[in-house]
Protein chains: 2
Amino acid sequence: MNISAVAGAAGLPVKTVRYYSDIGLVPAPARSASGYRSYDDAAVRKLVFVRRAREFGFSVEECRELLGLYEDRYRSSADVKRIATRRLDEIAEKQRELQSLHDELAHLVEACRGDHRPDCPIIDGLGARHALASE
Amino acid sequence: MNISAVAGAAGLPVKTVRYYSDIGLVPAPARSASGYRSYDDAAVRKLVFVRRAREFGFSVEECRELLGLYEDRYRSSADVKRIATRRLDEIAEKQRELQSLHDELAHLVEACRGDHRPDCPIIDGLGARHALASE
DNA sequence: CTTGACCTTCCAGTAACTGGAAACACTAGA
DNA sequence: TCTAGTGTTTCCAGTTACTGGAAGGTCAAG
């Protein structure tokens with residue numbers, strides 16, 4: 001399979017597939033006589049795996065780690081669970097942050113009349129918390 | 001005020017203050033005879049404003065826009081509200097994404113025994129969804 | 001043989017900083 | 001006054017995970 005075929009099969013842009021090979025996230029593919037990259041089905045499976053893991057927010061380095069576990073027939077499921085749980089905690093933390101952000105900003109937006117006049121609680125609220133009170 | 005004083009007052013790293021001046025997000029400060037940057041209170045207020053806006057997730061370019069509105073005594077509050085509401089929508093969207101991510105990953109983690117055996121629904125779930133079966 | 005799609009490498013740019021090197025400036029103490 | 005130590009300057013490079021584009025080689029169809 002040429003690179004565009006494998007990219008299509010894996011649901012990734014051609015550039016990204018090339019990039020993943022370049023950084024050694026997936027093994028360097030064989031080359032045709034004229035230098036074209038030649039991928040096999042195993043490469044497609046790994047690329048799909050990586051795409052999915054990336055969609056889940058795992059970093060490329062975590063993907064590398066997961067891919068190692070994916071390849072290892074003898075790894076324990078505990079190893080995988082540890083990484084996934086860590087990621088789950090990060091997601092939960094991010095959710096909490098977003099929530100307080102949302103609440104605070106929504107509060108400011110609601111307080112703003114949104115008319116032609118210059119008074120604006122949003123601007124005031126962004127600046128005032130620490131040093132702006134006196135302008 | 002030298003750069004470290006203003007950075008301390010604004011709650012930003014020195015490097016970041018220099019960076020914000022370099023990209024023209026805040027005006028280029030006056031220089032001492034020996035070339036040291038010399039900031040005033042107005043600069044501190046603007047830097048605090050930017051820091052807060054960044055904490056709210058506004059991009060640097062949005063900060064530039066907000067700072068323009070912040071500086072403009074005659075802008076309407078509607079202008080500000082428009083930007084803030086857009087950001088609020090983005091936050092809400094990000095929250096929805098994170099939620100489905102969380103649910104899906106939590107489901108996989110719960111299904112995993114996390115023991116010494118190699119069977120792992122997380123690994124299987126990451127690889128299987130799209131292309132391994134029939135896509 | 002030519003056209004057009006596909007492939008190659010390499011360089012640069014994105015966002016928003018951050019780290020580090022080399023050199024100059026300032027301040028306090030001996 | 002010299003010196004040590006810290007602060008500041010500029011500039012370059014690296015970060016993350018790609019993405020866009022240029023210049024040029026390859027392949028299949030007509």
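Proteins come first, then strands; the chains are lettered A, B, ... in the order of their sequence lines, and each starts at number 1. Computed from heavy atoms alone, side chains included, the values below leave out hydrogens, waters and symmetry copies.
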Kindly say if Y20(A) contacts the phosphate of dA17(D), meaning a side-chain N or O under 4.0 Å from OP1 or OP2.
-> no
Between R18(A) and K15(B), the residue closer to the 5' end of DNA chain C by nearest nucleotide is R18(A)
Describe the nucleic acid contact of I23(B) in one word from base, sugar-phosphate, nothing, applying a heavy-atom distance below 4.0 Å.
nothing
Compare all side-chain heavy atoms of I3(B) with those of Y36(B) and state whether any distance is below 4.5 angstrom.
no
Using a heavy-atom cut-off of 4.0 Å across all strands, would you classify S59(A) as base, sugar-phosphate, or nothing? sugar-phosphate
In whole angstroms, the gap separating P of dT14(C) from CD of E61(B) amounts to 11 Å
M1(A) atom CE is separated from dC27(D) atom C1', nearest whole Å, by 18 Å
Rounded to whole Å, the OH-C1' distance (Y36(A) to dA28(D)) equals 10 Å
note: D22(B), atom CG; dA15(C), atom C1'; distance rounded to Å ~ 15 Å
From CD of E55(B) across to P of dC17(C) the rounded distance in Å is 11 Å
ask   = Between dT8(D) and S34(B), is there an OP1 or OP2 to side-chain N/O distance shorter than 4.0 Å?
value = no
_From CA spacing to verdict: side-chain hydrogen bond (donor to acceptor under 3.5 Å, both in side chains), Q95(A), Q95(B)_ = CA-CA 7 Å; Q95(A) 280 180 314; Q95(B) 279 180 314; over 6 Å; no
Closest to the side chain of R54(A), out of dC18(D), dT18(C), dG7(D), is dC18(D)
- Query: Is there a side-chain polar atom (N or O) of T16(B) under 4.0 Å from OP1 or OP2 of dA16(C)?
  - Reply: no
Separation of dA15(C) atom C1' from L25(B) atom CG, nearest Å, is 13 Å
Taken to the nearest whole Å, OH/Y19(B) to C1'/dG14(D) is 14 Å
Correct closest heavy-atom pair for K46(B) and V26(B) would be CB-CG1, 4.3 Å
In whole angstroms, the gap separating C1' of dC17(C) from CD1 of I3(B) amounts to 14 Å
**Prompt:** Are any of the side-chain heavy atoms of R37(B) and M1(B) separated by less than 4.5 Å?
**Reply:** no
All heavy atoms of C63(B) vs all of V50(B), minimum pair found to be SG-O, 4.1 Å
Next on the checklist: With a 4.0 Å limit, can you tell me whether R37(A) has a side-chain N or O closer than that to the phosphate oxygens OP1/OP2 of dC7(C)?
Outcome noted: no
Is any side-chain N or O of R31(B) closer than 4.0 Å to OP1 or OP2 of dA25(C)?
-> no
Per nearest nucleotide of DNA chain D, the residue lying toward the 5' end, N2(B) or S32(A), is N2(B)
